[in-house]
Student: 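First, the structure itself, so that you have it in front of you.
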Amino acid sequence: MKRIVITLILICVGAVVAADQRRDPVSDAVYPAQRLPLIFSHGKHLARGTTCDACHPSAKTSQSAVDNLIPTEAACRACHAIDRSQPDKAGTPVAACIGCHPGYTPDTPVQRVYVMPATIKFDHSAHARTSCETCHGDMRAVDLATTRQLPTMASCFSCHTDGSQTRNCTRCHLAKIGGLMETKFPHGDLVPKRSSLGDEHGLGFSTDHAQQARRVDATCNACHDRSECVECHQGVVKPADFHQANYLLVHAGEARRNKPDCSACHRAQTFCIACHERSGLGTRGDTQFNSRDPQQQFHPPGWASQGMGPNLHASVARRSITSCASCHREEDCLECHSAEPGKLNVSPHPRNWRGSARCEALDRNNRRMCLRCHITQDELGCNWSK
Ligand code: HEC
Ligand code: HEC
Ligand code: HEC
Ligand code: HEC
Ligand code: HEC
Ligand code: HEC
Ligand code: HEC
Ligand code: HEC
Ligand code: HEC
Ligand code: HEC
Ligand code: HEC
Ligand code: HEC
Ligand code: HEC
């Protein structure tokens, strides 16, 4: 006997847990946090055959999320013999104040139920042909309903499937003047956390969103004005915290690692080269440096040689060739790396280059680049040898 009871309890608990977990959590910017100081069980009332309409009669006709559909005490009085002059009145179903108002004490105000309107455009009457459960889930195992019983965006998309509807964010979301989505609310910001639109703003998102922003169906424009991107991306306004204060002194290290990708915000051709040339570092203009004079070398010793040697530049160039291009022209490299007969012919290619997929791809996409160095007919493609 005992065993059966326990099993039953486990099944019940299991059902509750399962019902609870099946409903995904929802955005607290769309559905603000609630206070529900009330004792109430949807499950128990539904089990007795009470319908949603008995307590939420206006749900079928409501045309706006601003409407309050939470029942007042009057809805309970249909069955509960509440008498405000008899706080402890016995009765079935319960009539004593404390039966519904937790912690009720006479002569102190009862705590009120507090459900702020959802910040969404929603018209119940336009969905009156859809059953309540389609959106609010199975309520039979629910006691107090919470925001978990309110529908997810994904559930709306199960009917509003056509792209022109799902991409039209302000069909459902509130809009600002100008048409962008309203994202600032007194109770919190609407920042994507689990929208499943591929735009989740996680930790480090402020500088690590390249992948999300490059998607063809990127949502960024729905909430952000271009000017907010330009703050960082064109360097017009300096975001106070993007580079550290003495960045000029340390930028070389990041540039050599190419992390973050400088080209996301700067054009090497103008921004970097111009300053390097002004600073006398550009090899296109005048420079006080001279690699042939050990006293006047710009790069550290062992940077490059005409043959054997540490050739430190090799590994840095492999990692970030664009950082070299912020000072050098192609010609500077061809001095040693050209395949032209009579030149040094130092191969700039990585090991196992011949016949490799990477070689083939580069050759296919831009053979003219190969022709900068390989100027003879017998050196075309990726499989020639001498
Ligand atoms: C198509 C989906 C959908 C259907 C069908 C639907 N609802 Fe809702 N319901 C919502 C959404 C979205 C909200 C939140 C916005 C709002 O309050 O209007 C909500 C909110 C509510 C609320 C809380 C309102 C408040 O005051 O904050 C109640 C109660 C409710 N619905 C009851 C019902 C009942 C009863 C039915 C069936 C007659 C029903 N709903 C059918 C989507 C739906
Ligand atoms: C259609 C009739 C009906 C309406 C309307 C109704 N109730 Fe009830 N309620 C009952 C009955 C019958 C019980 C007894 C259930 C039991 O003991 O199994 C009950 C039990 C309860 C209980 C005790 C449940 C428990 O856990 O033992 C609470 C609390 C309650 N109702 C709150 C409310 C509130 C709040 C409202 C109004 C929003 C309300 N009821 C509206 C019929 C109703
Ligand atoms: C069967 C459940 C139930 C019982 C019993 C009950 N109430 Fe309520 N009462 C409610 C519900 C539901 C509301 C609406 C929720 C809200 O507005 O915060 C409410 C609201 C109130 C409010 C605020 C709204 C108004 O109408 O002024 C007061 C005050 C109140 N109840 C007092 C009492 C007192 C006093 C008792 C005992 C004599 C009592 N209630 C018994 C369910 C109940
Ligand atoms: C006996 C009365 C009663 C019945 C029947 C009832 N509700 Fe409720 N409902 C309430 C009360 C009281 C609240 C406010 C307390 C709470 O959140 O549970 C509420 C709240 C809600 C909310 C708001 C959730 C939130 O916190 O925003 C939804 C949604 C809801 N009910 C849907 C339904 C649906 C769907 C049905 C039918 C399957 C239904 N209710 C049947 C009394 C009832
Ligand atoms: C069961 C299918 C279904 C679900 C689920 C559904 N809708 Fe709808 N919705 C419709 C239909 C049908 C219409 C009316 C035809 C139309 O205007 O496209 C509609 C119309 C609308 C409209 C335009 C109403 C107007 O003012 O004319 C909005 C806004 C809307 N739905 C929002 C939502 C939101 C938000 C959700 C999720 C909480 C949702 N819908 C879930 C089927 C659904
Ligand atoms: C058919 C109605 C509908 C459309 C269209 C819609 N939304 Fe939503 N959206 C909702 C509802 C309802 C919620 C609240 C439920 C939730 O949090 O899942 C929501 C929640 C969200 C959230 C909060 C979820 C999170 O990540 O924390 C974001 C962000 C969001 N929407 C962005 C968008 C964007 C961007 C678009 C346009 C590409 C869009 N929505 C189009 C109905 C819609
Ligand atoms: C549903 C609206 C919404 C969508 C869609 C959205 N964002 Fe945001 N985003 C926000 C909000 C709100 C903030 C916080 C802004 C604040 O704190 O002022 C934010 C913050 C940011 C920040 C940090 C800004 C800073 O100065 O630290 C970046 C970067 C950003 N978003 C980029 C993107 C990109 C890229 C996309 C597209 C993949 C995108 N966002 C899509 C609402 C959105
Ligand atoms: C806080 C500064 C900041 C803001 C604001 C910002 N970004 Fe970025 N963004 C970055 C950084 C840093 C990177 C480089 C990340 C890397 O190393 O890949 C980047 C990279 C990108 C890339 C990839 C660059 C490429 O070359 O393909 C795109 C696309 C992008 N951001 C779009 C946006 C959009 C759209 C917005 C406005 C919604 C925005 N960003 C706002 C800092 C920012
Ligand atoms: C998210 C955009 C962004 C990225 C990515 C970025 N920068 Fe910047 N950078 C800026 C902005 C904005 C300024 C200030 C604009 C100005 O002064 O014109 C700036 C200024 C600089 C300056 C001038 C600093 C000074 O104090 O005068 C240097 C040098 C610089 N960046 C180098 C780099 C290098 C190297 C990288 C790659 C490792 C890089 N930046 C990546 C946005 C970015
Ligand atoms: C405001 C002027 C200025 C700007 C803008 C600037 N640099 Fe520099 N850069 C310098 C100066 C001065 C040095 C030499 C001092 C040093 O090595 O720290 C230097 C050195 C470097 C070095 C080190 C070379 C070596 O091997 O020692 C690299 C790499 C570099 N810059 C990359 C970049 C890139 C990439 C950008 C553009 C995203 C950039 N710089 C923008 C002034 C600038
Ligand atoms: C900030 C500017 C700057 C950057 C960035 C830079 N260089 Fe240089 N580099 C110079 C200057 C200045 C010289 C000396 C020019 C001369 O001798 O006329 C030089 C000389 C050289 C030489 C000549 C040989 C030697 O021993 O010095 C090589 C090879 C070279 N650089 C390779 C590279 C490579 C590869 C990169 C990228 C990893 C790079 N440089 C990045 C400014 C730069
Ligand atoms: C003074 C001659 C000289 C100059 C000028 C020179 N390099 Fe090199 N480079 C070498 C030598 C020698 C090696 C080492 C070859 C080896 O170890 O197999 C090398 C190796 C490399 C490699 C590595 C190839 C591999 O094995 O993966 C790269 C990339 C490279 N250089 C890029 C450059 C770039 C970019 C420039 C111009 C900015 C440049 N080099 C200028 C002599 C030079
Ligand atoms: C910066 C100059 C330069 C560029 C650009 C260049 N190469 Fe080379 N490549 C060389 C040099 C130098 C050698 C060594 C020549 C030798 O050993 O005689 C070489 C060797 C090769 C070899 C023989 C490799 C081996 O391991 O024996 C192949 C194949 C080759 N290059 C293909 C290409 C292709 C395809 C492209 C264009 C995608 C290309 N190269 C671009 C300079 C270059």
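Hydrogens, waters and symmetry mates are skipped; everything else that's a heavy atom, side chains included, is used. Note that the coordinates shown come from a computational prediction; the quantities given were computed from them, not determined experimentally. For the single chain, residues carry numbers from 1 onward in sequence order. Order of appearance sets the numbers: ligands from 1, and atoms from 1 within every ligand.
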Student: Once you restrict to heavy atoms under 4.0 Å, what part of Cys156 touches ligand 6? Side chain, backbone, both or neither.
Tutor: side chain
Student: Among Arg214, Lys184, Glu200, which residue places a heavy atom closest to atom 15 (C) of ligand 7?
Tutor: Lys184
Student: If you measure from each heavy atom of Phe157 to ligand 6, is any distance below 4.0 Å?
Tutor: yes
Student: For a distance under 2.8 Å, tell me if Cys370 has an N/O/S atom near atom 8 (Fe) of ligand 13.
Tutor: no
Student: Starting from atom 8 (Fe) of ligand 6, look over the N/O/S atoms of His173 and name the nearest one.
Tutor: NE2
Student: Any idea which N/O/S atom from His349 gets closest to atom 8 (Fe) of ligand 13?
Tutor: NE2
Student: Under 2.8 Å from atom 8 (Fe) of ligand 13, is there an N/O/S atom belonging to Cys373?
Tutor: no
Student: What do we get for Cys220 next to ligand 7 when only non-hydrogen atoms under 4.0 Å count, side chain, backbone, both or neither?
Tutor: both
Student: Where's the contact between Pro151 and ligand 6, heavy-atom distance under 4.0 Å: side chain, backbone, both or neither?
Tutor: backbone
Student: CG/Asn68 to NE2/His56 distance, rounded to the nearest 0.5 angstrom?
Tutor: 10.5 Å
Student: Answer side chain, backbone, both or neither: which part of Tyr31 comes under 4.0 Å from ligand 6, heavy atoms only.
Tutor: side chain
Student: Give the numbers and elements of all ligand 6 atoms closer than 4.0 Å to a heavy atom of Lys193.
Tutor: 25 (C), 26 (O), 27 (O)
Student: Counting non-hydrogen protein atoms only, what is the nearest one to atom 39 (C) of ligand 7? Give residue, atom name and distance.
Tutor: His201 CE1, 3.3 Å
Student: Less than 4.0 Å between atom 3 (C) of ligand 7 and some protein heavy atom, yes or no?
Tutor: yes
Student: Would you check whether Pro192 reaches within less than 4.0 Å of ligand 7, judged by its heavy atoms?
Tutor: yes
Student: Below 4.0 Å from any atom of ligand 7, is there a heavy atom belonging to Arg215?
Tutor: no
Student: Identify the closest protein heavy atom to atom 25 (C) of ligand 7: which residue and atom is it, and at what distance?
Tutor: Ser206 CB, 4.3 Å
Student: Is Arg171 near ligand 6, meaning one of its heavy atoms is under 4.0 Å from it?
Tutor: no
Student: Does the residue Arg372 have a heavy-atom contact with ligand 13, meaning some pair of atoms that are separated by less than 4.0 Å?
Tutor: no
